[in-house]
Protein chains: 2
Amino acid sequence: MKNISRRTVDRALIYIRTLEHLIKEKRYLVSSKDLALITGISDVQIRKDISSFGKVGRPRIGYKTAELNKTLKGFVLQENVVHVALFGVGHLGTAILRYPAFNEDNIKLVAAFEKDKSKIGKKINGVRVYPVEMAPKIIKRTHADLGIIAVPASHSQEVADIMVLSGLRGIVNFAPASISVPKSVIVKDIDFTIELLSLFCNSQR
Amino acid sequence: MKNISRRTVDRALIYIRTLEHLIKEKRYLVSSKDLALITGISDVQIRKDISSFGKVGRPRIGYKTAELNKTLKGFVLQENVVHVALFGVGHLGTAILRYPAFNEDNIKLVAAFEKDKSKIGKKINGVRVYPVEMAPKIIKRTHADLGIIAVPASHSQEVADIMVLSGLRGIVNFAPASISVPKSVIVKDIDFTIELLSLFCNSQR
DNA sequence: TCTCAATCGTTCTAAATTTCACGATTAAGC
DNA sequence: GCTTAATCGTGAAATTTAGAACGATTGAGA
């Protein structure tokens, strides 16, 4: 196994998503060209990515959807179910709790944390809402791997600190502010404002 | 003016966000090292990015926050207010409509579109909800530049087609499925599942 | 005034990533 | 069976991106 780059892994997740869709449609074979049409990623890039996980394609035929899916999942996900903790049960946090796609995928929301006492104790879509102070304990008990920040920017750093203390290894940060964490913790920032402005700037040229 | 890469623009948006925060705190000067500490981007990268917009820093001193902010905004945003149309007023769509940060920034949500008749005609956070069929007309009338897809994956392609027809130039796609659009239209995919799985995979090594 | 330390800005180097070119393989059709 | 066209897989070239090194500049302090 060659060393697989971060970008290849990210694209592999797109291939997996696409393959599962194709499998649901009873499609048994797919070529790199087909995948390129669907995903917008170049066929060469796709073949190169896939080949880094092994030789699973057949010239003139393409890839077997189920087999390729299994191969990719075996490498990048390894049968894991990712346990995720959510911080902030406002509008966005609630939308995340109700996000339908998590159910079928390898993701399980194990707990939500919130400051507002009126929300604590409730169950939203099967996920219990706890006070933030209980986070370290609950996160250890539920073996959460990752956390989501869906609190206002003004509180994102303190929440991030709690997440790090609790032992989370990765954070998706929806707050529109940078957070500081040890470099052993990976952060993915998703700022709606920046995403839109970036798109706008890049559509202007 | 040198040609400015997409990544530099994206980072510039982070600098702007950071600078506006510093300005609110009455901070007048900032060095590339300070910005590096806050944003996690290296100081060399920051200086290089900034220098591509002109010489605005002073050795031994750093950058004036207000001046740098103005310079960056001048290049990447040019006083524009970006008009955005939202498709899908479910949990996620509603959260986006209520997203507080849009108010102060250069983004204006001009219309929302939804299939479910019970939601049509309502106003959420000042934004009117229209039936999807009216999209081309409303989008032209409101001069929307960009669109957000917050509908289920099963309907994302048909919504994308309407958006393209309506003349939108960029799309943020929250549906967990790839969409096909002409290459003149820029798409930014944000799939919560993939973001989490990517983080998990990359925290495993 | 002179030295020093901090910081910017730029050029060169290195690494990562994508694209290109092309050989290898395979099944279909004549 | 032979040819052909489609497709995979891969090594090399090209491009993009980040990083390192370093000179240039500036204000502070002796």
Side-chain angles (χ1 to χ4, degrees), chain A residues 1-15 18-19 22 27-69 71-72 75 183 186 198 201-202 205, chain B residues 1-15 18-19 22 27-69 71-72 75 183 186 198 201-202 205:
Chain A
M1 170 173 166
K2 307 157 191 179
N3 62 330
I4 288 155
S5 82
R6 173 158 190 166
R7 300 219 173 172
T8 295
V9 170
D10 285 358
R11 283 189 298 266
L13 293 168
I14 295 174
Y15 306 149
T18 308
L19 288 166
L22 292 173
R27 174 112 174 239
Y28 290 106
L29 291 170
V30 71
S31 71
S32 60
K33 220 171 190 173
D34 297 333
L35 284 172
L37 266 177
I38 298 171
T39 62
I41 298 165
S42 83
D43 57 340
V44 183
Q45 183 73 75
I46 290 172
R47 286 200 300 281
K48 186 165 262 185
D49 284 336
I50 291 174
S51 76
S52 65
F53 298 107
K55 294 188 186 181
V56 288
R58 295 171 69 191
R60 179 78 205 227
I61 298 297
Y63 304 90
K64 293 183 186 171
T65 51
E67 184 191 354
L68 178 55
N69 188 45
T71 302
L72 294 181
F75 271 94
K183 62 174 180 294
I186 305 180
S198 161
C201 295
N202 290 299
R205 40 189 76 208
Chain B
M1 170 172 165
K2 307 158 191 178
N3 63 330
I4 288 157
S5 84
R6 173 158 188 166
R7 300 221 172 171
T8 296
V9 170
D10 285 358
R11 284 189 297 266
L13 292 168
I14 294 174
Y15 306 149
T18 307
L19 288 165
L22 292 173
R27 174 111 174 238
Y28 290 106
L29 291 171
V30 71
S31 70
S32 59
K33 220 171 190 174
D34 297 333
L35 285 172
L37 266 176
I38 298 171
T39 63
I41 300 164
S42 82
D43 57 339
V44 182
Q45 184 72 73
I46 290 172
R47 287 201 299 281
K48 187 177 261 183
D49 285 335
I50 291 174
S51 76
S52 65
F53 297 107
K55 294 188 186 180
V56 288
R58 296 171 68 191
R60 178 76 206 231
I61 298 296
Y63 304 91
K64 292 184 187 171
T65 52
E67 183 191 356
L68 178 56
N69 188 46
T71 301
L72 294 180
F75 272 94
K183 62 173 179 292
I186 305 178
S198 161
C201 295
N202 290 299
R205 38 188 78 208

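In what follows, every chain begins at residue 1, and chains take the letters A, B, ... in the order their sequences are listed. FYI, side chains are in, hydrogens and waters are out, and symmetry mates aren't considered; it's all heavy atoms of this structure.
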For the pair made of [atom1] in [X] and [atom2] in [N], what is the distance, rounded to whole Å?
X	N	atom1	atom2	answer
A:D43	C:dT19	CG	C1'	11 Å
B:Y63	C:dT7	OH	P	11 Å
A:K33	D:dA5	NZ	P	14 Å
B:I46	C:dT10	CD1	P	16 Å
A:L29	D:dC8	CG	C1'	14 Å
A:N3	C:dT17	CG	C1'	13 Å
B:Q45	D:dT16	CD	P	16 Å
A:E67	D:dC8	CD	C1'	13 Å

Using a cut-off of 4.0 Å on non-hydrogen atoms, how would the nucleic acid contact of [X] be classed: base, sugar-phosphate, or nothing?
X	answer
A:R47	base
B:R6	nothing
A:K55	sugar-phosphate

Q) Measuring from A:F53:CZ to A:T8:OG1, what's the distance to the nearest 0.5 Å? A)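 Reported to 0.5 Å precision, the distance equals 6.5 Å.
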If you define the side chain from C-beta out and look only at heavy atoms, does anything of [X] sit under 4.5 Å from [Y]?
X	Y	answer
A:Q45	A:T39	no
A:V9	A:R6	no
B:I38	B:L22	yes

Q: Classify the side chain of B:R60 and the base of D:dA28 as holding, or not holding, a donor-acceptor pair under 3.5 Å.
A: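 Result: no qualifying N/O pair found.
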Q.
Pick the closest DNA chain C nucleotide for A:S42 and for A:R58 by heavy atoms, then say which residue is nearer the 5' end.
A.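 Going by which nucleotide is closer to the 5' end, it is A:S42.
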(Q) I want to verify a distance call: between D:dA20, D:dT26, C:dT19, whose nearest atom is closest to the A:K48 side chain? (A)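 The listed nucleotide nearest to A:K48's side chain is C:dT19.
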Q: Choose from C:dA27, C:dC8, C:dT25 the nucleotide whose nearest atom is closest to any side-chain atom of A:I61.
A: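 Of C:dA27, C:dC8, C:dT25, C:dA27 is nearest to the side chain of A:I61.
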Q. OP1 or OP2 of C:dC8 less than 4.0 angstrom from a side-chain nitrogen or oxygen of B:S32, does that happen here?
A.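 Answer yes for this pair, as a side-chain N or O of B:S32 is under 4.0 Å from OP1 or OP2.
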(Q) Given A:R11, which partner from the list A:D49, A:I50, A:L72 fulfils the side-chain contact (heavy atoms from CB on, under 4.5 Å) test? (A)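 It is A:D49, the one option of A:D49, A:I50, A:L72 that forms the side-chain contact (heavy atoms from CB on, under 4.5 Å) with A:R11.
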